[in-house]
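Reviewing the structure listed below.
Convention: sequence-line order gives letters A, B, ...; per-chain numbering from 1. All of these numbers come straight from a predicted model, not from anything done at the bench.
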Amino acid sequence: MIEKVIVAGFGGQGVMALGKLLAYGGMLDDRQVSWLPSYGPEMRGGTANCDVIVSDTLIGSPVLTDDATAVIVMNLPSMDKFESHLAPNGKLIINKSLIEKKATRDDIEAYYIDANEIAMEIGNAKAANMVMLGAFLELTKIVKPESIIKAFTKVFGEDKAKFIPLNELALQRGAEAVKEQMAVS
Amino acid sequence: MIEKVIVAGFGGQGVMALGKLLAYGGMLDDRQVSWLPSYGPEMRGGTANCDVIVSDTLIGSPVLTDDATAVIVMNLPSMDKFESHLAPNGKLIINKSLIEKKATRDDIEAYYIDANEIAMEIGNAKAANMVMLGAFLELTKIVKPESIIKAFTKVFGEDKAKFIPLNELALQRGAEAVKEQMAVS
Amino acid sequence: MAKGLVTFNEDICKGCELCVAVCPKKIIELDQSKINAKGFHPAHVVNMDECIACGNCAIMCPDSVITVEKL
Amino acid sequence: MAKGLVTFNEDICKGCELCVAVCPKKIIELDQSKINAKGFHPAHVVNMDECIACGNCAIMCPDSVITVEKL
Amino acid sequence: MSTIVYKKTKALNDTQFHYCPGCTHGIIHKLIGESLVELGVLGEAIGVASVGCSALCYKYFNCDVQQAAHGRAPAVATGIKRVRPENVVFTLQGDGDLASIGAAEIVHAAHRGEKITTIFVNNAIYGMTGGQMAPTTLIGQKATTAPEGRTEEHSGKPLKIAEMLATIDGAKYVERVSVHNPAAVRKAKKAIKRAFQCQLEGKGFAIVEVLSTCPTNWGMTPVNALGWVESDMIPYYPLGNLRDFEEAK
Amino acid sequence: MSTIVYKKTKALNDTQFHYCPGCTHGIIHKLIGESLVELGVLGEAIGVASVGCSALCYKYFNCDVQQAAHGRAPAVATGIKRVRPENVVFTLQGDGDLASIGAAEIVHAAHRGEKITTIFVNNAIYGMTGGQMAPTTLIGQKATTAPEGRTEEHSGKPLKIAEMLATIDGAKYVERVSVHNPAAVRKAKKAIKRAFQCQLEGKGFAIVEVLSTCPTNWGMTPVNALGWVESDMIPYYPLGNLRDFEEAK
Amino acid sequence: MAKVLMKGNEAVGAAAIKAGCRYFFGYPITPQNEVPEYMSKELPKVGGVFLQAESEVAAINMVYGAAGAGARVMTSSSSPGISLKQEGISYIAGAELPCVIVNMMRGGPGLGSIQAAQADYFQATRGGGNGDYRHIVYAPASIQETVDIMMEAFDIADIYRIPVMILGDGMIGQMMEAVEFKEYVPRELPEKDWATSGTKEMKSPRVVNSLYLEPELLQEHNVNLEKKHKIIEEKEVRYEATGIEDAEVVCVAYGTTARVAKNAIDDLAKEGIKVGLIRPITLWPFPHEAFDKINPQAKGLLTIEMSMGQMIDDVKIASNGRWPVAFEGKTGGLVPSSVDVVNAVKKMIGGAK
Amino acid sequence: MAKVLMKGNEAVGAAAIKAGCRYFFGYPITPQNEVPEYMSKELPKVGGVFLQAESEVAAINMVYGAAGAGARVMTSSSSPGISLKQEGISYIAGAELPCVIVNMMRGGPGLGSIQAAQADYFQATRGGGNGDYRHIVYAPASIQETVDIMMEAFDIADIYRIPVMILGDGMIGQMMEAVEFKEYVPRELPEKDWATSGTKEMKSPRVVNSLYLEPELLQEHNVNLEKKHKIIEEKEVRYEATGIEDAEVVCVAYGTTARVAKNAIDDLAKEGIKVGLIRPITLWPFPHEAFDKINPQAKGLLTIEMSMGQMIDDVKIASNGRWPVAFEGKTGGLVPSSVDVVNAVKKMIGGAK
Ligand SMILES: Cc1ncc(C[n+]2csc(CCOP(=O)(O)OP(=O)(O)O)c2C)c(N)n1
Ligand SMILES: Cc1ncc(C[n+]2csc(CCOP(=O)(O)OP(=O)(O)O)c2C)c(N)n1
Ligand code: SF4
Ligand code: SF4
Ligand code: SF4
Ligand code: SF4
Ligand code: SF4
Ligand code: SF4
Ligand SMILES: [Mg+2]
Ligand SMILES: [Mg+2]
């Protein structure tokens, strides 16, 4: 099993954190993992993305160019940039709240998640990234959601433990949202 | 014809100037020439020496190690250091005014010049280097004394022209001093 | 009091609120109803009539978003 | 006035004459009759009786040639 | 009829700044541009970009610019000015650039009385690299390389560049200003103009230290950052003129 | 019975100095050595030799010495002192070394309040390399790289290091002295001792600028060189204390 | 110890502290900022000192001073900053002081970019500073390897009294991987009887120095250094070599590009093309011996670098005419893809199979 | 013009001024001090500017500024000073600015000695700075050649927009030889339409820069630089080769050591031993082509350097396994004697004949 994921969005949308949680969770599930960030020249307000690999076997290059198995895009510029990085049959998970466009390739699977709306519903707009992660986990089963939750305090520190319930919920809601689409698609 | 000369003494004894005049004079005589200085760590009061080559053919390395055809020593430490640099049959020209020792090698020709005394006699202790140069020229005939005199203002500047007569005399006296020894030796 | 006309090049506003903070008439706000291409709520004047064309907002705007005219 | 005894480590004197210049009694001179191994005329006191053991010469000597004793 | 009270200066092109929202680097760019235009020397200007958040300023100014190595803008400007004394040469440098790695270069540009103008953006932090301590970071201020806040025992007190350079005779114009409110910005503009005037009159080296914000690395909103300049920076870094064309005391 | 009025300090070994006749580098060596002995800290001392005529001073001192790259002695001393705060660390630097290439390092040792002592030998010239202009070369003074004499127009006025560093808070002791006559030498010794005292008390950075001669490159006799210090150097570089353990003004 | 997920830069700091490094002098530069940041947080907790120097030049000279005083000390920077340290590194090598220097390389020349590159190979292996000197260069390819090497590097530096460089790149510095910290077991280390510490305990004065005004003495010093270098070349070479005895083509790559090469080699294996890999772990000393084991009938060697081709010089020297040497690379922050490598290999063996 | 006897360092200055160089930024260091000293005296006379910078770092950045402003400009230093210039040189190469840099090498590493050496070969030819860049390196062997090359160097720098290094050594700098100044005839030079001069004449703003934050753009920039390097490798290689077609042994040496080699070759000829010489005049680009003309039956190549062996890497690459490569050298300020070379050659051909 291997998942090579690109997570991309504006700075501030939590794409780096999403990637770190995924990688940490993967490690807790005893998988090989790598996480590789990439920033634009802006310190704030620019674009940010990271490459995450979770795999059963030794990881070669941590860089994803055109061999991503999944791409999670939080905003439009990211979608424009990274859709092409998907391998055939890869999964494109789109934050529908901010991206009106549809996937342009037809050799991939596209999923549309109202991440911001869902996050607002459960009480915190900042949890949109967790909603997207929930969707991704549901689709790939590469890491157990419990492991992500275990990773939470490791990545953000013990004092953030109070946010766990919210984030658990966000993962669930993301999973549910994508399940509906898996059914219809 | 080729002469490879090491000139050595205390800083201040004019060994560099001696070498430069020799090289410049050689050039005026249409020979190939090189002059290479070497200083100790002291700015003043230390030892100084230079290697001069005057030759009819292209000069290879300007460095003299153990192939000097002549060594002109102005003080004792220089003699101790450079006598061994002479090639067999080379000429060691010794400033007898400051060096009481005799040459230790017997495969070379040694000449003893009372350079400081002679210089004092003609009125300037600083001309001791020119006395030594006079002796060397007489021995080797590698450069015409007239060419040395022509070189004088080139090396020291036009404003030093007034010293030419003194220096001409010093060259002559050096030549005479060595001639006596050539006779006896 | 002079009257002012303040225009915003909304596309390049970064929503920093410096203009909001320095307006003596407190008539500038971020427009929560809009998001520009850079992902920010752009600033706008809510009550242009009160503008005194002091220029403070424009002087402080780091991104040269604002033009102020005296009418 | 105190009397002094000034000794010179002649071998390492550089003949700079700083001691000569600062001696209040003007009793130090370079010894033109000697040349040390370094090629200098070393300094010496010409009239030790006049020495007041002020230490100026020794203080100024850059090469620690001089020792001054008060008798 | 309407008259323009404020409009973007033509010394800046239409490329959008990469600076963070509310970062006062942008205000300082505007002041430099406006000064050059008002003095009528934009066409003679050659800027020297340093390494820091303003490294990319060559993308924005409507004048020639050379991008310099970190800290070396005054040396680069010296090279330019000695070749082209008729041009107007300025450097735009951050506090990491000028006060830390480039301390020798700025001291010696001042020492030689180099006829250049330096705009020194003091935001008490390394902006571009993500918030490390600068020589100008205040006591108690946190930085990524001073996680518990700067202490005097470990790092000394913050360096006062304007005061230090004012002791050097060749620094003929030295002033510290701020851009934390419109009045301060207006004063800052005057100082920058006068610093260019110093160069135009051939007096010598001119520097304006501008207290500036870094909301991102200070961890504040842009508006709160302005407040911090007033409440914390200005008390330690007093505003005012230290040299106005006269000799050093 | 006789008492010793003056005897060579035991802080110096018997290796003969390579300095030119009458060069006051030698006097300064003696003062450093005597101070260390009198304070009883020779055994704790670690010197840092710079690059200049005194580069070889490690051959002479009876204490540990590290030879530093040109201008970087304060950085090397910082490295030593941070590792061994209980030792007494000093740098011995020329004006080319400290005021020119090493300007950033000295400013920042002062800025951090590094607990080291710097003896700064200002002879207004590059001695070791043969008489090039230093930042401290006087106006009109000739140097091999200022063959017509230094001019203000081309190179600015000489840099006053003591005055400049005295503006930095971490520089807790700053004094300028001279060694052109016995009285001056005695004062210089006091200053050097107090500069070490500053370190021993953990106050911060201490520097003594010593006006020194370079008869060789000034083209003077050693005695005339002393006279030139008095007639030409001291008027531009006034002697005296600028900081005595208190805060910067 | 359990595995943790760590950024390369932080892992560098953590490993150094575990190995007893207590002094860090550095200056900020992307993409290695997490090294000083980590050290500023963690060193004080173990009684060490983190100091942000005023520049890279000052930092390396502080390292010189601290190393000369007997400390375990390191610095870290990235390409332009490492350029500024060259004089200081030359001094440290000349004075035979032990220290560790990390270079997380980025694109160049000049200010270049902040993205990962491997374009400082020449500088690292040939010495960008003046004079005849060498320093050991390790090029880890994963965070785990970085950590393991860091923990050894200080011992190696002490044993040989030589600077040791860890040559990573922005990617190694910025990426996160799982890593396990083994217990640090020091080698047998020589006493630092050359370190300046004051003469109090009646020891005779010690001098840390690289100045030898007498040419004969400097030559002698250089010959001694060279002897040391030869021992290091014999004893400290490290590399990974796989499938080279029967390979059609052998890839030579270090660090990040070696990982890309591995992907490509796996892909090629699926197509039945046998490709070997030599991954130098020490860049100096370069693993010349590995090349003697290469299939003499191999069609060629393919050097893969994130540069315009620098290690290729060493590969050519090692090959010594035995095989053609080709190059595949990207630079400026770009990373060659496994497809690039696959294609390059196919080109060497004459089109697709 | 008539011949004059001149020190190498002064000849450097005189030739530069003849070639139109009007700006010099430098910092004192032995054994090249006569270069700045000469310039300080002579440049003002021709309306130029000599400026003593506060450091080598400042000097090279002043050169960057002046070159960027369109000037003919140079700097000069010796080994440790050149180390300090590495970041700046990398910037100049990155921004594609023309300038001339003189290095009169001395013994190293570190402070080393003030005597002549050739131990900065790696630094000069591989770039001691960061990133993928190259600069042309000329290694003259006599004062006359130094002068001739100096006068061309500025044109070459302008044509390729690249720094040009003159790699001499303390001996070349300090010695005097007879020299004749030919009239400077400039090549056809491209307009400096990239130089910053103000936008007054309605030109659009110009930027001198080495920063390319987008990896794709930096890679493109690097590829363009590489194309330029290839052209230089094709067109600007210079060397002297004598007697190599039928040599038993070929010496490879540059600068001062080439002169020693010549003496030795003459001595060996007297003994009936045929020894050839390849004397690279450009060290980069290295004269690989010369090696193709060497007698295939030659017993070996002997590299002679005033170092512990640096150019030997290039000789090995050029030899590509065709001949054994041996080394003879001294370092630290010592110069190998012709006897040393004679013995080394004899050893290669198997004892005395
Ligand atoms: C030689 C070198 N060292 C370090 C860096 C990394 N660096 C880039 S910007 C910067 C400092 C930025 O701080 P500052 O000058 O205060 O500018 P700001 O971003 O705060 O405006 C540093 C250290 C570099 N590019 N080059
Ligand atoms: C990096 C570097 N640049 C230049 C030099 C050459 N150099 C040796 S000593 C010196 C300056 C000496 O002047 P100063 O510091 O005033 O000491 P002084 O000899 O006058 O006591 C210089 C430039 C060097 N060794 N290293
Ligand atoms: S011009 Fe003045 S009053 Fe009008 S909106 Fe701007 S700040 Fe407010
Ligand atoms: S100051 Fe400018 S950028 Fe900031 S909110 Fe106002 S208009 Fe927008
Ligand atoms: S001690 Fe005083 S009086 Fe005596 S010789 Fe010395 S300087 Fe003169
Ligand atoms: S001061 Fe010292 S060195 Fe100078 S002359 Fe007197 S004793 Fe000799
Ligand atoms: S990091 Fe700070 S200084 Fe840089 S642009 Fe952002 S706010 Fe401004
Ligand atoms: S050159 Fe000058 S400073 Fe150096 S030892 Fe001689 S007199 Fe003293
Ligand atoms: Mg800053
Ligand atoms: Mg000096």
Side-chain angles (χ1 to χ4, degrees), chain F residues 10-13 15 18 36 40-51 55-89 91 101-112 114 116 128, chain G residues 22-25 27 43 48-73 75 84-92 94-95 97 99 129-130 192 194-214:
Chain F
K10 71 176 169 57
L12 292 171
N13 61 32
T15 312
H18 68 285
L36 291 171
V41 294
L42 182 64
E44 277 85 18
I46 303 177
V48 181
S50 64
V51 181
L56 295 164
C57 73
Y58 56 80
K59 288 192 175 180
Y60 313 129
F61 283 113
N62 267 329
C63 67
D64 288 356
V65 178
Q66 295 197 25
Q67 203 295 317
H70 192 32
R72 319 306 173 193
V76 171
T78 297
I80 300 170
K81 185 72 180 184
R82 295 280 175 155
V83 170
R84 301 192 171 273
E86 69 287 358
N87 282 85
V88 175
V89 181
T91 72
I101 190 170
E105 285 73 16
I106 202 68
V107 161
H108 283 282
H111 155 236
R112 290 188 303 267
E114 230 35 90
I116 60 172
M128 182 178 234
Chain G
R22 288 295 174 272
Y23 299 90
F24 182 99
F25 301 93
Y27 188 77
L43 270 177
V49 176
F50 162 86
L51 193 68
Q52 185 173 313
E54 60 270 32
S55 68
E56 290 87 353
V57 170
I60 194 71
N61 285 288
M62 290 174 184
V63 167
Y64 178 100
R72 270 210 163 176
V73 56
T75 186
L84 286 171
K85 292 185 200 274
Q86 291 305 322
E87 189 206 22
I89 295 174
S90 173
Y91 267 74
I92 293 174
L97 297 176
C99 69
N130 56 296
K192 294 190 173 178
W194 41 263
T196 60
S197 55
T199 53
K200 203 164 193 182
E201 288 92 35
M202 305 308 286
K203 70 172 183 59
S204 55
R206 292 173 176 172
V207 174
V208 168
N209 180 35
S210 70
L211 174 61
Y212 294 82
L213 275 181
E214 286 296 318

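Only the backbone of F:Ala45 comes within less than 4.5 Å of a heavy atom of chain G; no side-chain atom from C-beta onward does. Heavy atoms of G:Ser197 lying under 4.5 Å from chain F belong to its backbone as well as its side chain. For chain F, the nearby part of G:Val49 is the side chain; its heavy atoms alone come within less than 4.5 Å. Of the two parts of G:Tyr23, only the side chain, counted from C-beta on, holds a non-hydrogen atom closer than 4.5 Å to a non-hydrogen atom of chain F. The part of G:Leu51 that comes within reach of chain F is its side chain, from C-beta onward, which places non-hydrogen atoms under 4.5 angstrom from that chain. Of the atoms belonging to F:Asn62, heavy atoms from both backbone and side chain fall under 4.5 Å from chain G.
Between G:Leu213 and F:Leu56 the shortest side-chain heavy-atom distance falls below 4.5 Å. Contact annotation: the side chain of F:Ile101 approaches that of F:Arg72 to within less than 4.5 Å [non-hydrogen atoms, C-beta and beyond]. Side-chain contact between F:Arg82 and F:Arg112 is present, with at least one heavy-atom pair separated by less than 4.5 Å.
Counting heavy-atom pairs closer than 4.5 Å to chain G, the top-ranked of the candidates F:Val51, F:Val41, F:Ile46 is F:Ile46. Between chain F and the options G:Ser55, G:Ala69, G:Ala59, G:Gly88, the largest number of non-hydrogen pairs under 4.5 Å is found for G:Ala69. Between chain F and the residues G:Leu211, G:Val208, G:Val73, the most heavy-atom pairs under 4.5 angstrom are made by G:Val208. Of the listed residues (G:Ile60, G:Asn61, G:Val57, G:Val63), the one with the most heavy-atom contacts under 4.5 Å to chain F is G:Asn61.
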**Request:** Kindly determine whether G:Met62 and F:Glu105 satisfy side-chain contact (heavy atoms from CB on, under 4.5 Å), including the steps that lead there.
**Result:** CA-CA 10 Å; G:Met62 290 174 184; F:Glu105 285 73 16; over 6 Å; no
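Checked for salt-bridge contact, F:Arg84 and F:Glu44 miss the test: no charged N lies under 4.0 Å from a carboxylate O.
Counting heavy atoms of neighbouring residues, nucleotides and ligands inside a 6.0 Å radius, atom NZ of G:Lys192 exceeds 12 of them. The local environment of NZ in G:Lys203 is crowded, with over 12 non-hydrogen atoms from other residues, nucleotides or ligands closer than 6.0 Å.
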